[in-house]
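Before any comments, here is the structure.
By convention here, the first residue in the shown sequence is residue 1.
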Amino acid sequence: MSQTEEHTDDELTTAILSAIDAGVVVLDDDDRIQRANETVRNELGLGDDDIGVRASEALPLGEYLAQLSPGESLSETTVAPAPNPGEVDTEPALQPHTGGVELVIPQGDLDRCFVVKAKSMATAAADRLLLFEEISAQRRIESQFKTAMGYTSDTVIVARSDGTVRYVSGPPETTTKSPSEISVSKNLLDVVHPDDRSTLETALEVADETGDASIHHCRLETAGDGWRMFEVAVRENGSLPAIDGLIVTARDVTDRHQFEQRRQVMNRILRHDLRNDMNVVVGHADMLLQADDDQVTGHAKTIRQKALSLVNLGDKVRTIDQQLHGVDRQLRQINIAQIVREEISAVHDEYPSVIIRSRIDETSIIGNTLIRTAIRNVLDNSIVHNDNSCPEIEVEVDRRHETNRVQVEIRDNGPGIPEGERRAITNEAETPLEHISGLGLWLVKWIVDGMDGSLSISSNSPRGTVVTLSFPAADADEWDEIEDQRPAGVANGIPFANGSIGDSEPIGTTTRTED
């Protein structure tokens with residue numbers, strides 16, 4: 001090659017190296033640096049004096065980088081003697097990387113990170129290239145991501161669409177179980193139950209191809225606890241492009257899954273077994289009632305009464321389950337004033353001798369139709385357990401504009417709810433010494449909680465109970481135009497018959513007879 005050709009070739013090579021975004025170092029077969037483009041000179045501080053010097057002397061940890069073969073990464077055996085980022089804080093370090101090796105160079109409080117790859121050069125003047133691709137920004141984002149993931153009790157995994165794991169959070173510092181140890185480069189699908197594997201495979205592929213997120217229940221293997229049920233969410237990662245992979249979160253829901261199974265079994269028992277057996281008992285009791293012996297018929301009446309009570313209890317449990325787990329749980333605008341009026345009318349029809357006074361603001365709440373069940377249960381409880389010779393109930397529906405909430409207050413003059421039962425509701429748990437004798441109050445609490453409401457129980461004066469339900473109010477200017485459908489007897493403040501009073505009379509504080 002002539003000097004002119006060599007000069008032209010040299011200029012062309014220089015131009016090509018300058019156009020490459022990555023840092024480039026050209027090595028000969030003796031591992032001496034032949035060229036270095038401007039990028040790598042700025043990144044690693046190489047100068048003209050470093051040209052012709054061995055890589056081991058001019059490059060950080062060059063003795064290891066020089067062992068890189070084109071298209072391969074340094075083996076763990078080769079990397080093992082090199083300083084590891086977890087072992088040194090202020091010195092350059094190496095760690096394995098799928099594309100070559102990762103060089104970490106501390107600079108103050110930040111690390112500069114480069115993926116170093118080798119490329120072959122089929123020329124007499126050079127043996128191979130070392131390409132330095134800086135990934136410092138990506139590593140900082142990943143570090144922030146890992147820190148943020150440390151605040152969740154879920155196991156967080158970054159995985160590719162084929163299940164290959166790039167990152168997995170440490171075990172949560174809670175009682176929540178986590179999948180058995182999943183190492184980087186291991187496949188997530190290896191810890192999924194064979195019967196659930198295709199479900200997760202499809203979810204990963206769909207998230208990668210379409211960006212659609214999905215949530216599934218899959219059994220994952222856990223260390224020491226075998227297969228447990230997890231709620232696995234798979235999401236694409238468009239908002240964090242530096243995090244190369246899909247975001248998979250796994251939350252242990254085994255207890256919830258088992259609870260649902262138990263609930264279904266118990267409902268089946270209540271629906272079929274208990275009811276059928278009790279119907280047999282009631283049938284035999286009816287036959288005994290036809291006997292001439294008064295003692296026999298007395299026992300038969302008791303048997304029949306208790307059997308019917310058990311049947312009713314089973315029906316109540318099934319009703320509660322159907323209502324709390326039904327499809328109509330979506331919160332929306334509810335005309336609470338209309339519902340309370342209708343329930344007062346229904347209670348009065350059933351218990352005409354009970355005095356009911358009401359004061360109801362025209363207002364709506366954010367809730368669902370289960371509020372009707374809650375109101376009726378409180379009203380029934382105030383009557384059924386009332387031992388007063390003249391049972392009285394006062395109902396008030398009040399829109400509190402200062403808090404933007406609606407308060408439903410139901411007062412009675414009965415014996416009151418025992419303190420232990422009130423504590424059981426307040427503490428949201430029953431104990432052997434403090435439990436509730438029925439299901440009504442629990443049903444009311446569960447309904448109210450599901451509507452972002454609150455339940456409080458206090459003593460009335462001079463006697464009885466005050467049950468207060470509070471709900472988020474619907475904005476008045478957004479109320480739907482609902483035709484007033486008040487039952488006959490409560491519209492326009494018309495007093496109830498038999499002593500019950502409608503909306504026209506406000507609640508008084510001295511309506512009860514002193515004991």
Side-chain angles (χ1 to χ4, degrees), residues 262-326 342-356 370 372-393 410 412-418 420-421 424 430 432-433 435-444 446-447 464-465 467 487-489 496-500:
R262 290 195 297 266
R263 186 181 68 85
Q264 293 176 359
V265 171
M266 294 304 294
N267 275 337
R268 176 183 57 77
I269 292 174
L270 289 172
R271 184 168 61 253
H272 295 295
D273 302 3
L274 177 62
R275 187 178 183 87
N276 291 341
D277 288 349
M278 285 300 101
N279 284 336
V280 173
V281 173
V282 171
H284 283 282
D286 288 339
M287 294 177 64
L288 290 175
L289 285 172
Q290 300 175 14
D292 295 332
D293 191 328
D294 291 340
Q295 186 175 9
V296 171
T297 55
H299 289 309
K301 288 180 181 178
T302 301
I303 293 172
R304 189 178 191 279
Q305 180 182 3
K306 293 298 182 181
L308 289 175
S309 177
L310 284 175
V311 171
N312 291 333
L313 177 62
D315 289 340
K316 285 183 179 179
V317 172
R318 288 192 297 109
T319 300
I320 289 173
D321 179 75
Q322 290 168 358
Q323 291 172 337
L324 294 180
H325 296 87
E342 292 173 353
E343 292 308 310
I344 289 176
S345 178
V347 168
H348 175 259
D349 289 342
E350 187 173 353
Y351 305 100
S353 63
V354 175
I355 296 176
I356 304 177
L370 287 178
R372 185 182 297 276
T373 301
I375 296 295
R376 183 57 186 264
N377 269 271
V378 177
L379 291 173
D380 283 345
N381 190 69
S382 297
I383 297 172
V384 172
H385 300 289
N386 198 315
D387 60 353
N388 200 296
S389 58
C390 183
E392 298 179 11
I393 300 175
I410 300 175
D412 67 57
N413 62 344
I417 298 176
E421 294 196 11
E430 292 189 339
L433 297 179
H435 63 275
I436 296 177
S437 55
L439 295 170
L441 277 179
W442 277 121
L443 174 59
V444 172
W446 293 332
I447 290 174
T465 301
V467 177
F496 281 129
N498 300 317
S500 297

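Listed here is the closest heavy atom pair of D387 and G414: OD1-C, 4.1 Å.
The side-chain contact (heavy atoms from CB on, under 4.5 Å) search around I303 returns V281, A285, not counting sequence neighbours. Shown here are the side-chain contact (heavy atoms from CB on, under 4.5 Å) partners of N386, two or more places apart in sequence or in another chain: N388, P391, D412, N413. Not counting sequence neighbours, the partners of R376 by the side-chain contact (heavy atoms from CB on, under 4.5 Å) test are E343, A346, V347, E350, D380.
Contact annotation: the side chain of H299 never approaches that of L288 to less than 4.5 Å [non-hydrogen atoms, C-beta and beyond]. In this structure, I356 and Y351 have side chains that are not in contact, with every pair of non-hydrogen atoms separated by 4.5 Å or more.
Between N381 and the options T465, V467, V444, I417, a side-chain contact (heavy atoms from CB on, under 4.5 Å) holds for only I417. Between I393 and the options I355, V378, I344, I383, a side-chain contact (heavy atoms from CB on, under 4.5 Å) holds for only I383.
For the atom pair CG of N377 and CG of L370, the computed distance is 11.0 Å after rounding to the nearest 0.5 Å.
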Start with the C-alpha gap between L289 and K301, add the side-chain angles, then the distance that decides, and say whether side-chain contact (heavy atoms from CB on, under 4.5 Å) holds.
CA-CA 7 Å; L289 285 172; K301 288 180 181 178; 3.3 Å; yes

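The side-chain hydrogen bond (donor to acceptor under 3.5 Å, both in side chains) pairs that include a residue from residues 279-298 are D286-R304, where partners are two or more places apart or lie in different chains.
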